[in-house]
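Here is the structure we will look at.
Counting begins at 1 with the first residue of the sequence.
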Amino acid sequence: MKFQRIFVPPQSDGMEINMIREYKTIEEVAGPLMLVKQVEGVKYDELGEIQLPNGEVRRCRVLEVNGRNVLVQLFESSAGLNLAESKVRFTGHGVELPVSEHMLGRVFNGMGEAIDEGAPIIPDKSLDINGTPINPAARFYPSEFIQTGVSTIDGLNTLVRGQKLPIFSGSGLPHANLAAQIARQAKVRGSDSKFAVVFAAIGITFEEADFFISDFKKTGAIDRTVLFINLASDAAIERISTPRMALTAAEYLAFECDMHVLVIMTDITNYAEALREVSAARKEVPGRRGYPGYLYTDLATMYERAGRKMGSEGSITMIPILSMPEDDKTHPIPDLTGYITEGQIILSREMYRKGYMPPMDVLPSLSRLKDKGIGAGKTREDHAGTMNQLFSSYARGKEAKELMVVLGEAALTPLDRLYAKFADAFEQEYVNQGFYENRTIEQTLELGWKLLSILPRSEMKRINPALVAKYWPKETD
């Protein structure tokens, strides 16, 4: 066996001597994978360092341990790697992120290294990025309203503190703009606790990265935001570590600094593609559409780190954004995500073609916890009724418009024509608010009442008559 023993002097507090071994037994490199033979005491997921003959150091992570042989994955390219002369050493721990409250306002890459030319961060501690999902027995049930300033979310698919609410998008749709808007505008109403945003951009282009950074700096949102930027040109292993870096920072801010943290991750599809690339390199048996069979479990280990813990004032609310290949909701990534999370917001290509921003597809979108975060004391007493009435009226208006295409407007009853008129007004005023208009929940509810007044008052069958009498626009009586 070719290795050198390097002895580290004992610490002053009486700790035992640590021994780091350097191995020169690299057997093979295949793409992002490297086989190292005859090693001792190495564990799964351990961080390693490869030292090239010129002194350059590259990092790797243990993927598989088979007796005294280990398969590692390179974080950087394998180009220029001399197998005979390069040395590998293992650190004894997994990939870690140095954390501190001073991370707010800073920009990091997918490996947790600052890339904004700011001062070095002095960490309070270093945390393993893999973390653990929150124990179900230690969870608080989500029940507090988070205002995003987007009417279609706040009014119809309410986001609740501690919830996991994904956004399903399509290739070319403006989910990046919506993600930036939510990051700028989101806040917990009626709470004195500090609010922070952890934003993870996974596998994006340089242009998109520049958009996020400049937008946050221009609007001042950067001051309460931690950004993790992973570019499409970066290694696949870094793409896999980026969301875990973000969640580790969020856990520290939420459960040790008592902050309300909103985690936005875009694009989960790029993460899953990186997972598939690594799986193919390891020659694993593929599952649906070539993705590894453990994709569901892997996504769950990330999503289930969001929530509220007993004994902690802080919380993690998560909005993962994913682009559906070919706009297919049955694709494995949105399909499995829907099983793990509490609903979905769906962006529509039809609405995008009409020029409505954000192009939200209201009817199939759903927040399973919306009823827990609305009502008197949280939003307003009329919220549930107006939400149900808007859904019902918009669905009927869409049906009336479809009939109009087939039979002509003359074939519709006067009431159906009013519903068709309501559907058009709803899309033009309620859905189409743009990416820079921040509406309070009161403004959203008032807009809902204004649109409902297009219909006869007798059609308000899903709202308590006392609330109709109280909130019905007076000028329409």
Would you please indicate if the ring centroids of Phe199 and Phe216 are separated by under 6.0 Å?
yes
Is the centre of the His331 ring less than 6.0 Å from the centre of the Phe168 ring?
no
Between the side chains of Asp267 and Ser323, does any donor sit under 3.5 Å from an acceptor?
yes
Donor-acceptor pair, side chain of Glu342 and main chain of Ser367, under 3.5 angstrom
no
Is the NZ or CZ atom of Arg239 both under 6.0 Å from the centre of the six-membered ring of Tyr271 and within 45° of that ring's axis?
no
Are any of the side-chain nitrogens in Asp298 or Arg244 under 4.0 Å away from the carboxylate oxygens of its partner?
yes
A quick test of your reading: do over 12 heavy atoms of other residues, nucleotides or ligands sit less than 6.0 Å from NZ of Lys421?
no
Please check if atom CD in Glu273 has more than 12 non-hydrogen atoms from other residues, nucleotides or ligands closer than 6.0 Å.
yes
Salt bridge check: are Glu251 and Arg305 linked by an N-O gap of less than 4.0 Å?
yes
Just wondering, are more than 12 heavy atoms of other shown residues or ligands nearer than 6.0 Å to NZ in Lys354?
yes
Relative to the ring of Tyr339, is the ring of Tyr296 parallel (under 30°), tilted (30 to 60°) or perpendicular (over 60°)?
perpendicular
Should we say atom CD of Glu442 is surrounded by more than 12 heavy atoms from elsewhere, each under 6.0 Å from it?
yes
Does the distance from a Lys or Arg side-chain N to an Asp or Glu carboxylate O, for Glu350 and Arg353, drop under 4.0 Å?
no
